Amino acid sequence: MSTKLKVSVYKLSSCAGCQLEFLNLEPVLLDLVGAIEFSYFPMARRRYEPGPYDIGFVEGAVTCGEEIERLKKARQECRILVALGSCACYGGLPSIKNWTPERVIVSRVYENSSLIHSIKAYGIDEYVQVDAYLKGCPVNKDELVEFIKGTLLGIRPRLRPHSVCVECKLNEYECISVIKREPCMGPVTTAGCGALCPSRGKACDGCRGPANDANAESLARTFSEYGLHRSDIVRRFRKFAGLTQEFSRGADAV
Amino acid sequence: MTTGDIKVDYLARVEGEGALDIRVKDGEIVDLKLRIFEPPRFFQGFLVGRKYDEVPGIVSRICGICPVSHQITAIQALEDAFGVRPSLQTKRLRKLLALSQWIQSHTLHIYMLALPDFLGYESILAMAQDHMDAVKRALKLKRLGNDLTVLLGGREVHPVTAVINGFTSLPPVEELRAIQRRLEDALDDAVETVRLCASLEVPDFSWDAEHVALRSEEGYAVNEGRLVSTKGLDIPAWEYRSHIKEKQVPHSNALHSYIVGRGSFLVGPLARVNLNADRLSPRAKEAMKASGVRFPSFNPFHSALARAIELVHAIEESIRIIDDLDELVPEDSGYSIKPGQGFAITEAPRGALYHSYKVNDQGLIEAADIVSPTAHNVNNMEEDLRRFVPRVLDLPHDEATLKCEMVVRNYDPCISCSVHFLKLNIVRE
Amino acid sequence: MAVTRTSSVPDMVVLSGELWQELLKLVTAQYKVIGPVRRGSEHVFAPVKDPRDIDMAYVTTILPPKKVFHQPFQVLFSFDTEEGTLAEEESGEEKVLWGIHPCDMHAIAILDKVYGIEYPDPYYLRNRENTIIVAKNCTEVGENCFCLSMGTGPALRSGYDLLLTDLGGRYLVEVGTEKGRKLLSGLELVPAPRVVLVEKEKRLSQARQKFKKRMITQGIQELLEENFRHPIWEELMRECLACGSCTMVCPTCFCYNVVDKIDLDLKTGKRQREWDSCMLLEYAQVALGQNFRRDRDARIKQRIYHKLLYYEPQFGTLGCVGCGRCIGACVKRIDITDVVSRLAESVESDR
Amino acid sequence: MINPFKPEIAVITEVFKETSDTTTYTFRFKDEETRETWSFEPGQFNMITVFGIGEAPISISSAPSDTGFVQHTVRHVGNVTNALAKKKPGDVVGIRGAYGTGWPFHQLYGRNVLIVAGGIGLAPLRPVIREVMRQRDRFKEVEVLYGARTPGDMLFVREFPEWSEYVKLRLTVDTVPPGVKWDHKVGVVTTLFSEMSSQPSNTVVLTCGPEIMMKFVVRGLLHMGFSPDRIYVSMERRMHCGVGKCGRCQIGPRFTCKDGPVFAYEELAALPEEVLGGVGR
Ligand SMILES: Cc1cc2nc3c(=O)[nH]c(=O)nc-3n(C[C@H](O)[C@H](O)[C@H](O)COP(=O)(O)OP(=O)(O)OC[C@H]3O[C@@H](n4cnc5c(N)ncnc54)[C@H](O)[C@@H]3O)c2cc1C
Ligand code: SF4
Ligand code: SF4
Ligand code: SF4
């Protein structure tokens with residue numbers, strides 16, 4: 001029993017969907033809690049055990065100073081710190097606001113903006129060292145399990161680093177880009193979702209962030225050939241991972 | 001003669017983080033604050049300037065527990081703006097999708113939040129030793145709801161298929177049939193869940209809060225209808241802002257929703273069952289009757305029971321919808337964009353959810369207004385607490401804490417989706 | 001010494017209307033059939049239960065039929081981490097691969113060499129041997145097809161068990177092997193007159209006129225050897241998305257990755273191989289981060305050089321069969337025939 | 001049909017820590033028949049499985065004449081090799097092989113041999129050295145140049161005294177940490193060229209080490225007049241099958257696993273792809 005990995009789950013600015021994926025592992029959940037101990041997981045447990053923990057999963061982007069402090073504490077109490085989901089990896093959707101002055105954004109939502117202390121949204125590696133990234137909005141459950149197994153075994157788990165196209169082809173989904181000439185982010189986006197969106201007749205939204213060797217400039221040029229306006233292209237690259245170098249290059253390409 | 005503070009830090013198991021500060025003097029509450037740690041993510045702020053067709057995918061990320069509700073509400077608000085009238089098939093699929101999320105979310109609430117509280121466990125994981133049957137039932141029901149969401153939408157959290165005027169892909173009919181058999185098989189589990197919730201001992205605690213829910217001619221309202229209340233509200237979605245507003249109150253950190261001229265109100269399963277009991281499915285009605293609790297009930301501790309009754313309804317209704325969907329045909333989902341404003345209200349698992357968008361002639365969003373169920377409820381949560389706390393003041397601290405948490409958890413507040421919460425001077429223990 | 005009915009089946013028959021339908025019905029009833037079926041506006045090879053699902057007019061499929069033999073995911077064996085016990089997966093049932101085109105048949109012939117030589121690959125060969133191949137000559141030509149230049153189509157000469165040619169509402173069926181003959185055994189058939197071969201040839205030569213794409217094959221080896229450093233590679237490096245699609249769809253690509261999939265108990269698991277691609281950055285990366293093809297142009301060259309230059313010494317044949325899939329799958333429309341033409345042109349203009 | 005992908009089960013009988021990150025393992029096949037019939041040539045490698053983790057190509061570091069067991073010297077750098085680090089005597093692994101071309105051992109008879117190794121690259125050359133010691137008369141001059149990062153990273157040091165009785169052994173390290181005693185050369189392995197006694201005529205060169213090292217070794221030797229057709233290099237590439245199927249290890253038209261890992265330098269030099277020295281490019 002005492003050999004179980006101690007796991008903690010932290011929440012920063014997020015929708016809680018990534019941590020919900022733990023509870024969405026119904027078929028293996030009981031086996032999972034046989035192998036790991038959710039020592040700190042407020043969504044699922046009332047009681048929590050103090051650190052240190054073996055793995056800390058951090059969900060959400062950092063959007064205020066107080067979160068930086070909590071994040072630093074999390075870093076201290078965890079042997080392996082994992083960015084859980086695209087918000088924690090890249091700033092995620094909350095980072096969309098980074099390209100508009102904070103003042104303007106706040107005033108669109110609140111009347112009395114002097115009470116709001118929000119900062120630009122960043123992924124957690126802006127502030128602490130991160131040992132692993134589980135990409136996706138939300139994270140993929142299979143990858144989550146693979147990651148936990150890998151940690152139990154003491155190895156680097158195999159997470160697909162390449163483009164979504166590879167999984168699209170492996171499953172023989174109709175190509176959204178070539179066939180429908182719709183702007184699909186798949187060629188520059190990290191696989192691991194099983195090419196979910198193309199499998200459902202939809203262009204990839206880029207939710208998993210840049211793939212290995214992503215050539216976003218070239219894809220942006222193709223989008224432009226498909227008739228997208230410059231601002232449409234910018235919006236596509238500044239969505240889930242607009243802060244990354246790769247996607248910035250895509251946004252600036254045309 | 002007691003003076004003391006009750007602090008409930010980290011309201012565990014409310015999928016977000018909040019804290020409750022209560023200052024008590026001579027047995028009287030002098031201050032009560034439900035503080036929410038969730039920093040604002042400014043969805044309404046950054047939606048401005050995005051394209052209309054991105055909206056469903058973006059607002060989905062407001063809440064990972066009820067993404068479907070945000071998607072459908074956004075889609076319907078935009079359809080309202082463009083004057084799009086989706087087909088019957090689309091409406092049926094949408095309802096099925098919404099119900100799949102009710103099944104998932106209600107199971108999550110009942111078994112993972114409420115039951116451990118009532119049965120005296122710290123979590124469902126801790127319950128596993130003594131109540132394996134219940135735990136297995138929970139996992140089975142939750143998976144069923146999730147699988148239905150996956151079948152229709154592609155994945156459990158942030159599904160991808162629902163779009164304006166239709167779906168990007170349709171589920172294979174054989175698979176719908178297969179899951180229908182599983183739904184039939186799960187009905188007994190849902191009824192058992194009602195029995196279990198009815199057997200829980202709840203405090204006798206009622207007051208005449210205003211209960212608000214959608215009501216529709218087309219059955220137990222999910223995605224359509226007028227917003228009605230136990231105190232006479234009866235409005236269409238586009239009139240929402242003339243009746244429901246938010247204000248900032250000095251003692252609290254959150255914007256408080258109120259009905260103009262009255263005050264706080266409650267949305268969610270209890271309100272829905274109270275207002276729409278006549279439209280429940282046959283087995284849900286039966287289970288409600290058998291529970292021994294009389295509805296309408298104004299005891300917020302009956303909300304878990306109301307959820308369980310809705311669980312039966314959601315499953316039975318899903319079975320019926322699949323019966324109606326015998327042949328799915330790909331449809332033309334074309335439409336044209338029109339500048340203007342659109343409104344929609346749907347019933348998310350936690351209650352009424354309001355979206356409204358102003359779109360310009362380029363299809364860009366000019367303004368977005370989103371009020372989630374938890375944002376609707378937070379004012380009422382404080383009202384409940386204010387009335388309830390005096391009863392627990394003499395209890396040992398731990399017990400009092402748990403009881404207060406239970407009051408909050410009755411609402412199953414999904415703090416992460418409360419796009420309207422303000423964050424002020426956070427003091428952490 | 002039972003005389004089977006099979007021997008009474010003629011070598012060449014013409015099937016029209018009803019008989020053709022009957023053949024389809026018979027075969028789909030008796031065998032697991034994998035044939036071309038629609039998927040949206042594309043086609044895939046998929047198990048066919050209802051013969052009406054087969055679309056004989058398909059131009060190409062997303063993945064080539066090689067996937068039936070060299071599967072995208074193939075479990076090699078299961079293991080127990082403590083004992084190391086190894087259980088091998090059971091072999092599959094006999095099946096029919098229906099309606100494959102000459103280019104894909106040639107590609108299979110290449111893979112037969114890859115997997116058949118030296119250390120024969122039992123998984124590939126088992127699937128291969130269990131399969132009856134019904135090929136179909138191409139009388140229509142797709143926009144990306146260039147098998148004519150590669151000598152791999154539109155007509156097939158060998159390798160098939162049965163060969164079909166569409167004669168317009170009727171099919172010429174030629175028997176290639178006894179395995180193929182078996183498929184026809186339930187039908188009442190009369191031998192086709194030899195004149196249908198004239199008709200067949202006419203249709204095929206009409207098809208030959210329809211090719212729009214052409215690959216320069218003459219002197220291609222020298223052309224590539226001499227142009228390993230050429231500005232075109234840098235240009236392709238800027239264009240190519242390194243997404244891997246071109247290699248995933250290629251009927252002659254054979255690269256794979258191997259992964260151990262362990263169960264949650266960490267005691268048992270499976271070793272599995274899955275398709276991989278030389279176009280991907282991690283492909284040639286080794287421990288401690290060294291990568292033998294870090295730059296995109298090195299990977300693009302590897303793909304094209306492998307197809308057009310290296311297969312020859314490896315397997316005695318060119319590695320491209322002109323199916324055009326890599327062109328069709330490329331979001332950037334990078335075209336292997338165009339790359340070669342441009343190299344040739346630039347050499348020409350240098351002279 | 002024989003399944004070349006199914007490893008034989010082998011038991012670890014001995015674990016010897018060579019350096020802080022490298023270990024020599026002695027394995028014994030579980031199956032008696034395999035134990036008796038299994039053979040290989042110096043320079044060949046095995047695919048070693050740690051079940052549940054994966055497989056990695058590792059050179060055989062024992063000699064063909066060491067019968068009844070087989071040895072591998074492993075540097076712990078990644079998943080499989082780190083998992084091996086946790087193994088103890090009695091644990092099982094999977095082994096399949098031996099694969100690849102060995103060193104041109106029979107060509108060495110009657111000639112001078114120059115061995116140049118860097119780091120873990122000495123492992124596949126150890127079988128050559130051990131065979132040379134056992135059949136010393138069949139070779140002329142044999143010289144070994146070996147470089148490592150630091151004295152503490154040198155492999156097989158406990159065997160050096162014995163080796164030195166048979167071959168000329170010259171050592172160098174990149175750096176000497178403060179406080180460490182070191183009587184040999186400091187610098188990259190090519191700095192040993194100035195003091196070596198090997199001459200180009202009638203000499204066969206065997207080299208293995210990081211690719212960048214081999215590039216400079218080959219360049220230096222060619223400059224000194226060594227014949228390109230008598231220089232042999234052992235190449236490293238990623239591999240997943242070991243038998244020419246997975247495609248991962250191709251260098252031009254060559255499969256490192258079956259046409260190599262030992263190549264005649266001339267063969268590689270003729271390829272369009274820049275190999276020795278194309279580190280990272
Ligand atoms: C012919 C040959 C002989 C070798 N001999 C030795 C030796 O005697 N001692 C020694 O310590 N190392 C040797 N290596 C290097 C050794 O194979 C790698 O260090 C090892 O594969 C790393 O695997 P890993 O799982 O620990 O690392 P990871 O980085 O986790 O690798 C994951 C997978 O990638 C592949 N891979 C990664 N690096 C390499 C690589 N360099 N070569 C081939 N595949 C790789 C493997 O299949 C491995 O399973 C040799 C390599 C080759 C090609
Ligand atoms: S649909 Fe998108 S992800 Fe799939 S192959 Fe086409 S471009 Fe790539
Ligand atoms: S296809 Fe793209 S947007 Fe869809 S889940 Fe995968 S990575 Fe995310
Ligand atoms: S290289 Fe392209 S055209 Fe040639 S066989 Fe492969 S996919 Fe077909």
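The structure displayed is predicted, hence computed values, not measured ones. Chain identifiers are assigned alphabetically (A, B, ...) following the order of the sequence lines, protein sequences preceding nucleic acid strands; residue numbering begins at 1 within each chain.
When heavy atoms are compared at a cutoff of 4.5 Å, D:I2 approaches chain C solely by way of its backbone atoms N, CA, C and O. Only the side chain of D:V92 comes within contact range of chain C, with heavy atoms under 4.5 Å apart. Residue contact with chain C, scored on non-hydrogen atoms closer than 4.5 Å, involves the backbone and the side chain of D:P7 alike. Looking at D:I53, only its backbone comes within 4.5 Å of chain C, counting heavy atoms on both sides. At a 4.5 Å heavy-atom cutoff, the contact between C:V258 and chain D is made by backbone and side-chain atoms alike. For C:Q302, the part sitting under 4.5 Å from any heavy atom of chain D is the side chain, from C-beta outward, and nothing else. For a residue to count as touching a neighbouring chain, one of its non-hydrogen atoms must lie under 4.5 Å from one of that chain's; by this rule C:D263 does not touch chain D. Heavy atoms closer than 4.5 Å to chain D are found in the side chain of C:L125, but not in its backbone. Proximity to chain C (any heavy atom under 4.5 Å) is shown, for D:V93, by neither the backbone nor the side chain. For C:Y256, the parts sitting under 4.5 Å from any heavy atom of chain D are the backbone and the side chain alike. For a residue to count as touching a neighbouring chain, one of its non-hydrogen atoms must lie under 4.5 Å from one of that chain's; by this rule C:E282 touches chain D with the backbone only.
C:V339 has its side chain within reach of C:L236: a pair of non-hydrogen atoms, C-beta onward, lies under 4.5 Å apart. Between D:R254 and D:M235 there is no side-chain heavy-atom pair separated by less than 4.5 Å. Inter-residue side-chain proximity for C:C320 and C:M150 is flagged as met; some heavy-atom pair is nearer than 4.5 Å.
Of the candidates D:T81, D:T23, D:N82, D:H76 forms a side-chain hydrogen bond (donor to acceptor under 3.5 Å, both in side chains) with just one, namely D:T23. Remark: of the listed residues D:F27, D:F69, D:F29, D:F29 is the sole one forming a ring-ring contact (aromatic ring centres under 6.0 Å, His included) with D:W38.
The candidate from C:E225, C:K261, C:H70, C:E118 with the greatest count of non-hydrogen atom pairs under 4.5 Å with chain D is C:E118. The greatest number of non-hydrogen atom pairs below 4.5 Å with chain C, out of D:G54, D:G78, D:C241, is found for D:G54. With chain C as partner, the option from D:V77, D:I9, D:N3 having the largest number of non-hydrogen pairs under 4.5 angstrom is D:N3. Options D:R237, D:E236, D:K6 differ in how many heavy-atom pairs under 4.5 Å they form with chain C, and the most are formed by D:R237.
No salt bridge links D:D174 with D:R149; every basic N to acidic carboxylate O contact stays at or beyond 4.0 Å. A salt bridge does not link D:R35 to D:E8: none of the charged nitrogens lies less than 4.0 Å from a carboxylate oxygen. Here C:R325 pairs with C:D104 in a salt bridge; the nearest charged N to carboxylate O distance falls below 4.0 Å. Remark: C:R342 engages C:E235 in a salt bridge, criterion side-chain N to carboxylate O under 4.0 Å.
One finds the NZ atom of D:K245 at 6.5 Å from the CZ atom of D:F5 (value rounded to the nearest 0.5 Å).
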